[in-house]
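So the structure is just underneath, and the comments pick up after that.
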Amino acid sequence: MTHTIIDSPIGPLTLVRSERGITGLYMPDHRPAPDEASFGERDDAGFAAAAQQLGEYWAGERRAFDLDLDPTGSPFQLRVWEALRSIPYGETRSYGWIAASIGQPTAVRAVGLANSRNPISIVVPCHRVVGSTGSLTGYAGGVERKRFLLDHEAGSSLAAVGLDSVA
């Protein structure tokens, strides 16, 4: 495992990778806090594609990521995280929608827990999941960052200003 840190409009992002792909993308004050000892040594090599694609995302030039991913989770979590990747850029889905899409419509709370444990924020867009009423619910990087990401994808001028107060 190796990691790097890149700048972003929502503060420094820590990317972690194995030989197979990205295993984590963490924001400042990420909750639950990742075990930084598992990040390995800092080595900026091997992160060029991720840094480039994230830069394109922030510039509004990229709507989907094409990176090798290597998340670690239970089979259920992996199914939820894969379903998250099917949510189109600029759109949201409810926890109930995710549960139904993986064939477990009564597993809404379990989907919420799996969503909160997504280790590859932004690339696996857990920020696009909202409550059944459309309300913003918790987010590993904070609800302010979730709002920023949704506004960014909606093309809001507020997102273009940056999130200095949260970063």
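Worth saying up front: this structure is predicted, and the values here are computed from it rather than measured. Quick note: numbers below take in every heavy atom, side chains included, and nothing from hydrogens, waters or symmetry partners.
Judged as a side-chain hydrogen bond (donor to acceptor under 3.5 Å, both in side chains), and not counting sequence neighbours, Glu36 has no contacts. Qualifying ring-ring contact (aromatic ring centres under 6.0 Å, His included) partners for Trp81, counting only residues two or more places apart in sequence or in other chains: none. Scanning for side-chain contact (heavy atoms from CB on, under 4.5 Å) contacts around Glu61 gives Glu56, Ala59, with sequence neighbours left out. For Glu82, there are no salt bridge (charged side-chain N to carboxylate O under 4.0 Å, His left out) partners two or more places apart in sequence or in a different chain. Applying the salt bridge (charged side-chain N to carboxylate O under 4.0 Å, His left out) test to Glu91 and every residue at least two apart in sequence or in another chain returns Arg93. Taking Arg42 as the reference, Asp44 meet the salt bridge (charged side-chain N to carboxylate O under 4.0 Å, His left out) condition, with sequence neighbours excluded. Here Ser135 pairs with Thr133 under the side-chain hydrogen bond (donor to acceptor under 3.5 Å, both in side chains) rule; sequence neighbours left out.
A donor-acceptor distance shorter than 3.5 angstrom exists from the side chain of Arg145 to the backbone of Gly141, with no hydrogens or angles considered. Using a distance-only test at 3.5 Å, with no hydrogens or angles considered, a donor-acceptor pair links the side chain of Gln77 to the main chain of Ser74.
A side-chain contact (heavy atoms from CB on, under 4.5 Å) with Phe47 holds for exactly one of Ile6, Thr2, Leu54; it is Thr2.
Put simply, Leu15 and Tyr57 are part of the same group of oily side chains (I, L, V, M, F, W, Y) that touch within less than 4.5 Å, one to the next. Linking ILVMFWY side-chain heavy atoms closer than 4.5 Å, directly or via other members, places Tyr139 and Leu136 in two distinct hydrophobic clusters.
Put simply, CZ on Arg147 and NE2 on His152 are 14.0 Å apart, with the number rounded to the nearest 0.5 Å. Interatomic distance, Leu78 CG to Ile102 CD1, rounded to the nearest 0.5 Å: 11.0 Å.
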Before giving the answer on side chain to side chain contact (heavy atoms under 4.5 Å, CB included), spell out for Ile98 and Val80 the whole-Å C-alpha distance, their side-chain angles and the decisive distance to 0.1 Å. CA-CA 7 Å; Ile98 298 290; Val80 169; 4.1 Å; yes
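Nearest approach of Ser132 to Ser94, heavy atoms of both residues: CA-CB, 4.2 Å. Ala107 and Ala99 get closest at one heavy-atom pair: C-CB, 4.1 Å. Considering all non-hydrogen atoms of both residues, Phe76 and Ala110 come closest at CE2-O, 3.5 Å. The shortest non-hydrogen separation linking Arg17 to Gly46 is NH1-O, 3.2 Å.
Residue pairs meeting the ring-ring contact (aromatic ring centres under 6.0 Å, His included) criterion with at least one partner in residues 3-42, sequence neighbours excluded, are His3-Phe39, Tyr26-His30, Tyr26-Phe39. The ring-ring contact (aromatic ring centres under 6.0 Å, His included) analysis of residues 84-109, with sequence neighbours excluded, yields no pairs.
Looking at Thr137 and Lys146, their side chains come closer than 4.5 Å, going by heavy atoms from C-beta outward. For the pair Met1/Glu41, no side-chain contact is recorded, criterion being any heavy-atom separation below 4.5 Å from C-beta on. Between Pro28 and Pro12, some side-chain heavy-atom pair lies under the 4.5 Å cut-off.
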Below 3.5 Å, can you tabulate the donor-acceptor pairs from side chains in residues 119-131 to any protein atom, sequence neighbours excluded?
from   : atom 1 : to     : atom 2 : distance (Å)
His127 : NE2    : Glu153 : OE2    : 2.8
Arg128 : NE     : Glu153 : OE1    : 2.8
Arg128 : NE     : Glu153 : OE2    : 3.4
Arg128 : NH1    : Ile87  : O      : 2.7
Arg128 : NH2    : Glu153 : OE1    : 3.4
Arg128 : NH2    : Glu153 : OE2    : 3.0

Let me have the donor-acceptor pairs involving side chains of residues 63-70, under 3.5 Å, with sequence neighbours excluded, atom names and distances please.
from  : atom 1 : to    : atom 2 : distance (Å)
Asp70 : OD2    : Ser18 : OG     : 2.6
Asp70 : OD2    : Arg20 : NE     : 3.3
Asp70 : OD2    : Arg20 : NH2    : 3.2

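Clustering of Ile, Leu, Val, Met, Phe, Trp and Tyr by side-chain heavy atoms under 4.5 Å joins Leu113 with none of the others.
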